[in-house]
K.L.:
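Structure provided below as structure tokens; questions to follow.
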Amino acid sequence: MSKPQLRKDFLWGYATASYQIEGAPHEDGRADSIWDTFCRIPGKIADGTNGDVACDSYHRYKEDVALLKQLGAKAYRFSVSWSRVIPLGGRDDPVNKPGLQYYLDLIDELHANGIVPMVTIFHWDLPQALYDRYGGFLNQIEYVQDYVRYAKVLFEAMGSKVKYWITYNEPWCSTILGYNIGQFAPGHTSDRTKSSVADSTTEPWLAGHNILVSHGAAVKLYREEFKAKDGGMIGITLNGDWTMPWDANDPKDVEACERKLEFSIAWFGDPIYKGTYPASMRKQLGDRLPTFTEEERKLVQGSNDFYGMNTYCANYIKHKTGPPAPEDFSGNIELLLEDKNGTPVGPETQSPWLRPNPQGFRKLIKWISDRFDRPMIYVTENGTSLKGENDLSKDQILQDDFRAEYFRGHVNALAEAVTHDNVDCRGYMAWSLMDNFEWAEGYETRFGVTYVDYEGGQQRMPKESAKVVAELFNTLCQA
Ligand code: PNW
């Protein structure tokens, strides 16, 4: 068997997101996003913090780019804050020039340093004004037009300098965590101890449907008006993690594994690659899952130039007996961290949901490649937190062997998938360039290959894992 390797022009680098790093929420005309307001609700963020300062990247983007260069990154995936560019969000609302300029300057700085920008148009920070005006994602007629106009502003301003566009980051998180569990903004859930509004049994499916349609509409616009002259590609980033049966000898657990992948990944992937929702979802959700009109299907089917893949871990899956609960969103399964024999799926991290499993990564990327007919794949996020990292001294944090080992395992698994499983993967963005605001976990959970000294002047110091990532790709991409 040939040695695992990656293309010589393999695009590797690091990812971040606007609300997690920028700070400066009210500078130069930026208005609130749903995350600014969500963070103000007591109890929603573990350490009571918010993104007001974060990594201060609004002021330090040149430092960030210098850091990327120092780490040897070939690409940088960042996201644009909608409410910085169009503070009130809507299609008739004014564009905020200084907010837009921030991203143009960042892109110029990246190019000046030979780093390829990959732009995420939406990474969860919906303008609060659109939520207040008509309920955001839940209003298809208004939302789709507003999203497409926002995307158009970006295509017009940056199109000549950006070859990689991502319409959405992880719609599963926006919909399930935001509209079913209520753990993420805007905090909708049927659980009345957490939210006074909302219906977990219908809203996530409607929100997901409208996100898909808006994705399709933005891609159509890009292809019709920008692609030929700008020569870029556009796709969506979906998240999901590998599944293994809790009892490998129980065919119902084996089946449940596939169903769980369908409920997380194929929910969005099937409409894009096949034009319909998975049968397992239709069967369980019935009419609560919207149906594509012919017009919607035409927008959505075939709307990916590439597949953006985010994944972090794997899970054991046990089928549930009895009918699914109305608010169930996973295919009537139990998600477990140990199998029937008590074997853990991976070591503990700081994130309760994250147990690393490199071979699961290899199997998952093959599953995606097979299901969607060998799309061109860019891994747009992969990485880990470390149990107790935030409690360590600075010197100890810089020696993050656990994270280095994570990247060794996962990047090698990726190379195996490419070399032996016929997977067409062209890039890999590690999460994350630096420690940042980890949403509902606040700053207690660090994901960076770079330590950020939030109290000590926001200094950025590369950890051991940053070195290892560069070595891995320098070795694997020689062919
Ligand atoms: C992703 N889950 O979020 C996001 O794209 C990043 O912004 C985030 O910082 C990173 O992963 C690390 O968490 C996820 O509960 C959040 O399965 C939660 C889950 C998955 C992804």
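Both backbone and side-chain heavy atoms feed into the values below; hydrogens, waters and symmetry mates do not. From a predicted model like this one, the values you see are computed outputs, not experimental measurements. Note that ligands are numbered from 1 as they come in the structure, with each ligand's atoms numbered from 1 the same way. Heads up: numbering here begins at 1 and tracks the sequence.
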K.L.:
Going by heavy atoms, is His123 under 4.0 Å from ligand 1?
P.N.:
yes
K.L.:
Return a yes/no value for Gln20: is any of its N or O atoms, backbone included, closer than 3.5 angstrom to an N or O of ligand 1?
P.N.:
yes
K.L.:
For Trp431 and Gln20, which I'm curious about, is there any donor-acceptor pair between the side chains at under 3.5 Å?
P.N.:
no
K.L.:
Strictly by modelled atom types, are Ser385 and Arg446 linked by a side-chain donor-acceptor pair under 3.5 Å?
P.N.:
no
K.L.:
Which of these, Trp353, Tyr19, Phe447, has its nearest heavy atom closest to atom 15 (O) of ligand 1?
P.N.:
Trp353
K.L.:
Tell me whether the rings of Trp82 and Tyr147 are parallel (<30°), tilted (30 to 60°) or perpendicular (>60°).
P.N.:
perpendicular
K.L.:
Does one side chain, of Thr237 or Asn310, offer a donor that lies under 3.5 Å from an acceptor on the other?
P.N.:
no
K.L.:
Which atoms from ligand 1 have a heavy atom of Glu438 less than 4.0 Å away?
P.N.:
8 (C), 9 (O), 12 (C), 13 (O)
K.L.:
Output the list of atoms in ligand 1 that are nearer than 4.0 Å to some heavy atom of Asn169, sorted by atom number.
P.N.:
5 (O)
K.L.:
Looking only at protein heavy atoms, identify the closest one to atom 11 (O) of ligand 1 and say how far it is in Å.
P.N.:
Tyr312 OH, 3.1 Å
K.L.:
So Phe184 and Trp439, would you call those rings parallel, tilted or perpendicular, with 30° and 60° as cut-offs?
P.N.:
tilted
K.L.:
Glu381 to ligand 1: N or O pair under 3.5 Å?
P.N.:
yes
K.L.:
Apply the side-chain hydrogen bond (donor to acceptor under 3.5 Å, both in side chains) test between Lys463 and each candidate in Thr450, Asp401, Asp435; give the one that qualifies.
P.N.:
Asp435
K.L.:
Quick one: nearest non-hydrogen protein atom to atom 14 (C) of ligand 1, plus distance?
P.N.:
Glu170 OE1, 3.5 Å
